[in-house]
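For the numbers below, each heavy atom of this structure counts, side chains included, while hydrogens, waters and symmetry mates do not.
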Amino acid sequence: MIELTGSSKFFRVGNSFGLRLTKKDKEILNATPGDEFEKIISPDGQSVTFRKKQTVSPQTQKMIAELFDENQELMKRLKEE
């Protein structure tokens, strides 16, 4: 079973701040430098949730761009409504 709890140290980096992740955290998240995460802070400020943003493959981005290009008039009408 994967250990999903632990502690993390809050620290300063220049004018910013960070929370340190362990190597195991990195592996569980399948994270690499440059990955983006969504941050959700609870209303009481006592908990923070980070969720890894899903990436879109270059092939999918190309397909979407082509669909928008092929249907420019439809997209314009949808945007106006």
Side-chain angles (χ1 to χ4, degrees):
M1 181 177 249
I2 298 174
E3 178 68 34
L4 298 176
T5 61
S7 61
S8 183
K9 188 168 185 164
F10 184 70
F11 62 99
R12 185 178 189 120
V13 181
N15 290 330
S16 299
F17 298 92
L19 290 168
R20 193 172 312 278
L21 298 176
T22 66
K23 183 177 178 180
K24 185 177 256 184
D25 295 336
K26 176 194 161 305
E27 291 168 359
I28 291 169
L29 291 167
N30 192 28
T32 57
D35 286 351
E36 292 187 22
F37 288 80
E38 176 183 16
K39 174 180 61 180
I40 303 165
I41 301 174
S42 66
D44 64 2
Q46 295 300 304
S47 65
V48 180
T49 302
F50 288 94
R51 190 177 340 194
K52 189 174 180 183
K53 289 186 176 182
Q54 297 296 315
T55 57
V56 179
S57 72
Q59 295 88 353
T60 302
Q61 289 176 346
K62 182 180 177 190
M63 181 186 70
I64 292 168
E66 289 171 357
L67 284 170
F68 271 78
D69 288 345
E70 291 169 8
N71 298 286
Q72 284 182 8
E73 287 302 315
L74 173 61
M75 296 301 168
K76 185 186 272 186
R77 286 194 315 247
L78 289 171
K79 184 177 179 181
E80 291 171 358
E81 290 184 17

- Task: Using atom types as modelled and distance alone, determine if a side-chain donor or acceptor of Arg77 lies under 3.5 Å from a backbone N or O of Lys79.
- Result: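 Not a single qualifying donor-acceptor pair exists.
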
Looking at Asp69 and Glu66, would you say the former's side chain and the latter's main chain have a donor-acceptor pair under 3.5 Å?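 No; judged by distance alone, with no hydrogens or angles, the pair does not exist.
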
> Which residues satisfy the side chain to side chain donor-acceptor pair (under 3.5 Å) test with Lys26, sequence neighbours excluded?
Replying inline: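 Listed in chain order: nothing, the list is empty.
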
Does a side-chain heavy-atom distance below 4.5 Å link Lys76 with Glu80?
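Counting from C-beta outward, Lys76 and Glu80 do come under 4.5 Å.
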
Assigning hydrophobic clusters by single linkage (Ile, Leu, Val, Met, Phe, Trp, Tyr; side-chain heavy-atom cutoff under 4.5 Å), is Ile64 placed with Met75?
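Yes, one cluster joins them.
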
Worksheet entry | Hydrophobic cluster of Leu19, others only, ordered by chain and residue number, side-chain cut-off 4.5 Å |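 Other cluster members: Phe10, Phe17, Leu21, Leu29, Phe37, Ile41, Val48, Phe50.
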
For [X], is the [atom1] atom crowded, meaning more than 12 foreign heavy atoms sit under 6.0 Å from it?
X: Lys24; atom1: NZ; answer: no
X: Glu38; atom1: CD; answer: yes
X: Asp44; atom1: CG; answer: yes

Give me the one residue out of Lys52, Arg51, Lys53 that meets salt bridge (charged side-chain N to carboxylate O under 4.0 Å, His left out) with Glu36.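 Of all the options given, the one that passes is Lys53.
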
_On a heavy-atom basis, which atom in Thr32 and which in Asp35 lie closest, and how many Å separate them?_
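Closest approach of Thr32 to Asp35: N-OD2, 2.8 Å.
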
What's the spacing between Met63 CE and Ser57 OG if we round to 0.5 Å?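 Here the interatomic distance stands at 8.0 Å.
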
